[in-house]
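These notes concern the structure reproduced below.
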Amino acid sequence: KKIRECFVAQDGYKLISADYSQIELRLVAHVANVEALKEAFRLGEDIHAATASKVFNVPLEEMTSDIRRKAKAINFGIIYGISAFGLAAQLGSSRSEAKELIDEYFIKFPEIKTYMDDTIKLASENGYVLTPFGRKCYVTGINDKNPNVKNFASRAAINAPIQGGAADIIKKAMILVDKELRKYDEKDARMLLQVHDELIFEVKEELAEALSLKVK
């Protein structure tokens with residue numbers, strides 16, 4: 001946040017920042033067809049609190065920030081194929097406790113485990129995985145005899161459809177937004193940056209409110 005404060009719009013202009021809310025977890029819910037996560041998103045629930053409620057068997061109204069923090073670490077860690085060792089380091093817990101949390105997560109969200117296993121199998125057989133848009137992401141080392149190389153490739157295979165899908169979506173968004181921006185003079189509104197799932201625009205102050213709504 002402090003680094004962002006270093007960047008300012010020129011006089012008479014405003015910066016608009018637009019990013020996707022939880023794009024990777026939404027993609028996990030979609031590609032793994034996790035009905036519980038889909039429902040949480042449909043209802044507009046805090047996705048980390050909703051996950052924590054299921055994994056730790058705690059009602060949403062009794063949720064604590066510490067329990068939510070653990071669920072958030074698992075949610076994002078799972079996307080990157082996190083190990084019990086890696087999760088333990090993040091949570092400051094024992095490896096056995098971290099393993100129990102991961103096991104419980106897969107019990108509550110078995111579709112994610114199925115997705116992971118199926119994706120690794122696909123990568124092993126074909127040497128690539130697919131994003132939801134059908135773009136191929138090649139995975140080298142998936143059948144390597146060195147277990148470290150193979151494990152790294154397996155994590156990459158699990159992650160590629162998620163991050164690759166997010167990249168596809170933001171590119172599509174940039175094309176659609178660019179069509180909208182062409183209605184304006186380039187001096188009045190322009191797309192400055194794309195940072196992962198976020199787009200930054202510099203627009204004249206009087207256009208900022210209306211253009212924010214259109215970008216959204």
Side-chain angles (χ1 to χ4, degrees), residues 20-126 128-132 137 139 141-144 146-166 197:
Y20 279 90
S21 170
Q22 309 287 3
I23 190 169
E24 290 182 338
L25 286 175
R26 289 178 191 273
L27 275 159
V28 168
H30 174 74
V31 300
N33 198 24
V34 188
E35 200 50 53
L37 288 182
K38 285 183 179 181
E39 184 65 11
F41 279 123
R42 275 196 290 266
L43 295 173
E45 293 177 352
D46 176 330
I47 196 66
H48 301 307
T51 302
S53 179
K54 281 196 164 295
V55 174
F56 297 102
N57 297 309
V58 176
L60 282 172
E61 56 272 16
E62 294 175 23
M63 189 58 55
T64 67
S65 57
D66 186 56
I67 295 173
R68 184 185 180 278
R69 179 183 66 86
K70 288 181 178 179
K72 186 176 180 179
I74 303 169
N75 270 337
F76 285 123
I78 290 295
I79 295 167
Y80 298 99
I82 199 167
S83 64
F85 177 81
L87 184 62
Q90 277 194 32
L91 296 178
S93 67
S94 67
R95 200 181 304 186
S96 59
E97 185 187 345
K99 185 182 182 305
E100 283 175 18
L101 288 178
I102 291 172
D103 290 345
E104 187 63 25
Y105 188 93
F106 286 142
I107 289 169
K108 294 297 165 64
F109 303 108
E111 303 97 330
I112 294 178
K113 185 73 170 75
T114 300
Y115 158 75
M116 292 167 80
D117 293 342
D118 289 350
T119 303
I120 291 170
K121 184 171 182 282
L122 178 76
S124 298
E125 291 171 355
N126 300 298
Y128 63 81
V129 291
L130 298 170
T131 72
C137 299
V139 185
I142 191 73
N143 294 315
D144 200 284
N146 183 323
N148 289 333
V149 173
K150 183 171 181 165
N151 288 339
F152 180 83
S154 297
R155 289 195 296 274
I158 291 164
N159 183 241
I162 310 301
Q163 281 202 316
D197 64 345

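- Distance check: Asp197 CG to Glu24 CD gives 7.5 Å after rounding to the nearest 0.5 Å.
- At least one donor-acceptor pair closer than 3.5 Å links the side chain of Tyr115 to the backbone N or O of Ile158.
- When all heavy atoms are compared, the tightest approach of Ala153 to Val139 is O-CG1, 3.4 Å.
- Judged by distance alone, with hydrogens and angles left aside, the side-chain atoms of Lys108 form a donor-acceptor pair with the main-chain N or O of Lys54 at under 3.5 Å.
- More than 12 heavy-atom neighbours from other residues, nucleotides or ligands sit within 6.0 angstrom of CZ on Phe76.
- Contact annotation: the side chain of Met63 never approaches that of Asp46 to less than 4.5 Å [non-hydrogen atoms, C-beta and beyond].
- The main-chain N or O of Ser21 is found under 3.5 Å from a side-chain atom of Arg26 such that the two form a donor-acceptor pair.
- Counting only heavy atoms from C-beta outward, the side chains of Cys137 and Leu130 never approach each other to under 4.5 Å.
- Here the shortest heavy-atom pairing between Pro132 and Pro161 reads CD-O, 3.4 Å.
- Here the straight-line distance linking atom NZ of Lys70 with atom CD of Gln90 works out to 13.0 Å at 0.5 Å rounding.
- The shortest distance between side-chain heavy atoms of Leu60 and Glu45 falls below 4.5 Å.
- For the atom pair Leu122 CG and Ile142 CD1, the distance stands at 9.5 Å (nearest 0.5 Å).
- Atom-to-atom distance recorded for Leu91:CG and Asp66:CG is 8.5 Å, nearest 0.5 angstrom.
- In this structure, the side chain of Asn151 engages the main chain of Pro147 through a donor-acceptor pair within 3.5 Å.
- Of all heavy-atom pairs spanning Ala98 and Leu87, the tightest one is O-CD2, 3.8 Å.
- In this structure, the side chain of Ser124 engages the main chain of Ile120 through a donor-acceptor pair within 3.5 Å.
- For the atom pair OG of Ser96 and CG of Leu101, the computed distance is 9.5 Å after rounding to the nearest 0.5 Å.
- The neighbour count for Arg69 CZ, taken as heavy atoms of other residues, nucleotides or ligands under 6.0 Å away, is above 12.
- In this structure, His48 and Leu25 approach most closely via the heavy-atom pair CE1-CD1, 3.6 Å.
- At least one donor-acceptor pair closer than 3.5 Å links the side chain of Asn146 to the backbone N or O of Asn148.
- For Phe41, there are no ring pair (Phe, Tyr, Trp, His ring centres under 6.0 Å) partners two or more places apart in sequence or in a different chain.
- The shortest heavy-atom contact between Ala160 and Thr131 is O-CG2, 4.4 Å.
- Between Thr51 and Phe109 there is a side-chain heavy-atom pair separated by less than 4.5 Å.
- Salt bridge present: Lys99 and Asp103 bring a charged side-chain N and a carboxylate O closer than 4.0 Å.
- Under the 3.5 Å distance criterion, the side-chain polar atoms of Ser53 are matched with a main-chain donor or acceptor of Val58.
- Between Lys72 and Asn75, every side-chain heavy-atom pair lies at or beyond the 4.5 Å cut-off.
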Would you tabulate the side-chain donor-acceptor contacts of residues 27-39 under 3.5 Å, counting partners in other chains and residues two or more places apart, or write 'none'?
| from | atom 1 | to | atom 2 | distance (Å) |
| --- | --- | --- | --- | --- |
| Asn33 | OD1 | Lys38 | NZ | 2.6 |
| Glu35 | OE2 | Arg42 | NH2 | 2.5 |
| Glu39 | OE1 | Arg42 | NE | 3.2 |
| Glu39 | OE1 | Arg42 | NH2 | 3.0 |

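- Listed by chain and number, the residues in a salt bridge (charged side-chain N to carboxylate O under 4.0 Å, His left out) with Asp118 amount to none (sequence neighbours excluded).
- Here NZ of Lys121 is found 9.5 Å from CG of Asn126. Values are rounded to the nearest 0.5 Å.
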